[in-house]
Engineer: 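Submitted below is the structure of interest, expressed as structure tokens.
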There are 2 protein chains.
Amino acid sequence: MQKATADKSDPIAAQLAPVGRETVQDRVYLELRRALIGGLFEPSQVLTIRGLADALMTSTMPVREALGRLITEKALEALPNRSVRVPPITLERMDDLLRARILIEGEAIALAATRMTSRQITTIESMLGEWDEMRALKHKKDVDREVTLNQAFHFEIYRACGSAVLIPMIESLWLQSGPCIRVAIYAFSDAGEIDTAHYHRTIVKAIAAQDAKEARDALVADISRPFTFLRNKLEAEAKKGQSA
Amino acid sequence: MQKATADKSDPIAAQLAPVGRETVQDRVYLELRRALIGGLFEPSQVLTIRGLADALMTSTMPVREALGRLITEKALEALPNRSVRVPPITLERMDDLLRARILIEGEAIALAATRMTSRQITTIESMLGEWDEMRALKHKKDVDREVTLNQAFHFEIYRACGSAVLIPMIESLWLQSGPCIRVAIYAFSDAGEIDTAHYHRTIVKAIAAQDAKEARDALVADISRPFTFLRNKLEAEAKKGQSA
DNA sequence: TCAATGCAAGTGTGATCACAAATCAAATAA
DNA sequence: TTATTTGATTTGTGATCACACTTGCATTGA
């Protein structure tokens, strides 16, 4: 009954990899996605299919499909030259992104505030502790871990909103604002950072109290901060460049 | 200076086709997109790459890229078998979609209400007239044209919201609710239709008065109707199926 | 008659090739 | 020196091929 590639019909092995093996295309897509959310690509940077294929040690085929998907999500931009780049930062786009994020993530956290189980609340509380811990030993600014932890914290909440429609939209928004955020976080580090964990604590407290309005307000403050910070920075640079 | 393929550097010809020639991939993507929004595919219908490639008279390559893009937009669904289908309709998904559409399209129309130029308002007013005209000679129920006109009306408004972030999200939402809508419209036709143009008139009136709240309320009523109608129908069927 | 087995057609995935367009660089002319 | 042109390299796009997996049907066995 069993062919040479027998493992797949072995019930035990099947349980270890039950969801169907991952395709190269998905691996590439997730890899690029992670890089974009983490801000590993600079705004306006152009990406080539063959370049990425070499970097990811695969052929061009999975890369071009992944790029196409990211372009439809507006995470990347297709130039008329048919080359693709990560979208440049403009003030209009930042304001636009922030408004959309306030609208949608605010709704998601308001829904989640009345739906999170005590188990889930415990999880985000422990993330709070992990955040403090990382902040305590700040011998080196581990921006990567900061970004990752921030993402995990927010999406642990968003997942609890119970909407299979809103969550992908939020992911798309993070994908689009990833490059901006990274720039903003670096700017923060230079400028002597405010305690970002404060807002997170407020969020957890509000959710524990099932106070949807308070949770939404704290979230708005949390996600607005890097945007307004970066906005001020860009405006200052623009003014300086104008006078020079 | 000019090569043998001279036309592209001719300024006049360049103006006629300024955006770069269209790729087959984009044509296929737009074709499938149009079919999905128009509800030409049934819920749960499975699509094959080679089948679509034959139907669209191209190779498999552009089709697989288009399918990948539509899957990331949640307009299509990837089964663990690696086959793709248009997502089935469930009550939860409908409620989820409607809530998201109220949130986002409501915000978009509220923004548009204070930004539309008199030129744009004239455009949607004329669409109103076209709608009445079509409704007048209702010798045959031209569902396709009804869907197309409805789409044109709404997106003429949404485009005026001035957000390059919200509009793609709305397009994604229409893509996802397309199959449901088509089913609902057919159900309407059977059940003796309410005057859908009434809400559209209210919307135009509110926008002309720059009354954002009124416009949002009318829009919510407009897009809720087919959903609640279909919801009642599905619930009735479920109850009947349960008792039988 | 019905379940199990085995074969065949169909399908998605990834790699490679061919081609046209774009980009870049060097060489030439003004 | 500067601007223009020409040639080579790079790049995206579409087609085709090879392979593995799934699905469906027919044959075989009890």
Side-chain angles (χ1 to χ4, degrees), chain A residues 1-11 13-14 17-32 41 44-72 76-86, chain B residues 1-10 13-14 16-32 41 44-72 76-86:
Chain A
M1 179 189 187
Q2 298 183 358
K3 292 182 181 180
T5 62
D7 328 68
K8 69 163 194 298
S9 54
D10 176 6
V19 290
R21 78 208 168 294
E22 64 180 9
T23 67
V24 180
Q25 167 181 167
D26 288 339
R27 180 178 68 84
V28 170
Y29 173 71
L30 292 176
E31 203 86 24
L32 292 178
F41 296 132
S44 299
Q45 179 178 353
V46 309
L47 305 177
T48 65
I49 293 181
R50 286 177 173 89
L52 291 175
D54 289 347
L56 295 169
M57 305 217 302
T58 178
S59 79
T60 64
M61 186 60 51
V63 175
R64 50 200 283 193
E65 312 215 2
L67 287 187
R69 293 166 70 177
L70 290 168
I71 289 172
T72 65
L76 295 176
E77 193 179 31
L79 275 62
N81 326 339
R82 306 207 173 188
S83 59
V84 340
R85 69 171 177 185
V86 17
Chain B
M1 181 188 189
Q2 299 183 353
K3 291 183 180 178
T5 61
D7 328 65
K8 69 161 194 297
S9 52
D10 176 6
L16 289 179
V19 290
R21 79 208 166 295
E22 62 179 11
T23 65
V24 181
Q25 166 182 169
D26 287 339
R27 180 179 68 83
V28 169
Y29 173 71
L30 292 176
E31 203 86 25
L32 292 178
F41 295 132
S44 300
Q45 179 178 353
V46 309
L47 305 176
T48 66
I49 293 182
R50 286 175 173 88
L52 291 174
D54 290 347
L56 295 170
M57 305 217 301
T58 177
S59 78
T60 64
M61 186 59 51
V63 176
R64 51 200 281 193
E65 314 216 1
L67 286 187
R69 293 166 69 176
L70 290 169
I71 288 173
T72 65
L76 294 177
E77 193 180 31
L79 274 61
N81 326 339
R82 306 209 173 187
S83 59
V84 341
R85 68 170 177 185
V86 16

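All chains are named by letter (A, B, ...) in the order of the sequence lines, taking the proteins before the strands, and each is independently numbered beginning at 1. Because the structure is predicted, anything quoted here is derived from the model rather than measured. Just so it is clear, the values below take in all heavy atoms, side chains as well, and ignore hydrogens, waters and symmetry mates.
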Engineer: Picking from D/dG14, C/dG14, D/dG12, which would you name as closest to the side chain of A/Thr48?
Structural biologist: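 It is D/dG12.
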Engineer: Looking at the side chain of A/Ser59, which of D/dG12, C/dG12, C/dA15 is the nearest nucleotide?
Structural biologist: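 Looking only at side-chain atoms, A/Ser59 lies closest to C/dA15.
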Engineer: Can any side-chain N or O of B/Arg27 pair as donor or acceptor with the backbone N or O of B/Leu56 at less than 3.5 Å?
Structural biologist: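 Here the side-chain-to-backbone pair exists.
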Engineer: To the nearest Å, give me how far apart CG (A/Asp26) and P (C/dG12) are.
Structural biologist: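 In whole Å, C/dG12 P and A/Asp26 CG are 15 Å from each other.
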Engineer: Whole Å only: how far is the CD1 atom of A/Ile71 from the C1' atom of D/dG12?
Structural biologist: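 So the CD1-C1' distance, A/Ile71 to D/dG12, works out to 11 Å.
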Engineer: Round to the nearest Å and state the distance from A/Ile49 atom CD1 to D/dG14 atom P.
Structural biologist: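 Result: 11 Å.
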Engineer: How long is the line joining CE of A/Met61 and C1' of D/dA18, in whole Å?
Structural biologist: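 So the CE-C1' distance, A/Met61 to D/dA18, works out to 13 Å.
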Engineer: Name the nucleic acid region contacted by B/Leu47, choosing base, sugar-phosphate or nothing; use a 4.0 angstrom heavy-atom cut-off, strictly under.
Structural biologist: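 Here B/Leu47 touches the backbone only, sparing every base.
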Engineer: Can you work out whether B/Arg50 or A/Arg50 has the more 5'-proximal nearest nucleotide on DNA chain D?
Structural biologist: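 By nearest-heavy-atom nucleotide position, the 5'-most residue is A/Arg50.
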Engineer: Under 4.0 angstrom, heavy atoms only, what part of the nucleic acid is B/Leu52 near: base, sugar-phosphate, or nothing?
Structural biologist: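 Answer is nothing: B/Leu52 stays at 4.0 Å or more from every strand.
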Engineer: Whole-Å distance between C/dT13 P and B/Leu79 CG?
Structural biologist: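 It works out to 12 Å between those atoms.
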Engineer: Roughly how many Å is it from CE in B/Met57 to P in D/dG14, rounded to a whole number?
Structural biologist: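 From B/Met57 CE to D/dG14 P: 15 Å.
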Engineer: CD/B/Gln25 to OG1/B/Thr23 distance, rounded to the nearest 0.5 angstrom?
Structural biologist: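 It comes to 5.0 Å.
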Engineer: Could you give the CG-to-C1' distance, from B/Asp54 to D/dA15, as a whole number of Å?
Structural biologist: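 The answer, rounded to whole Å, is 14 Å.
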Engineer: Determine the contact category for B/Thr60: base if any of its heavy atoms lies under 4.0 Å from a base atom, sugar-phosphate if only primed atoms, P, OP1 or OP2 are that close, otherwise nothing.
Structural biologist: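 Base, at least one base heavy atom under 4.0 Å.
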Engineer: Please report the interatomic distance CG(A/Leu76) to OG(A/Ser83), rounded to the nearest 0.5 Å.
Structural biologist: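 A/Leu76 CG to A/Ser83 OG: 11.5 Å, rounded to 0.5 Å.
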Engineer: When you compare the side chain of B/Arg69 with that of B/Asp26, does any pair of heavy atoms fall below 4.5 Å?
Structural biologist: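 They are in contact (side-chain heavy atoms under 4.5 Å apart), so the answer is yes.
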Engineer: Let's test your reading of the model: under 3.5 Å, does the base of C/dG12 pair with the side chain of B/Arg64 as donor and acceptor?
Structural biologist: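 Flag unset: no donor-acceptor pair detected.
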Engineer: Quick one: pull up CD in A/Glu65 and CG in B/Leu67 and give me the separation to the nearest 0.5 Å.
Structural biologist: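 Between A/Glu65 CD and B/Leu67 CG, I get 9.5 Å after rounding to 0.5 Å.
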Engineer: Taking atom P of C/dG12 as reference, at what distance in whole Å does atom CD of B/Glu65 sit?
Structural biologist: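 Nearest whole value for this atom pair: 15 Å.
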Engineer: Starting at the 5' end of DNA chain C, which residue's closest nucleotide do you reach first, A/Asn81 or B/Val84?
Structural biologist: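 On the 5' side of the pair lies B/Val84.
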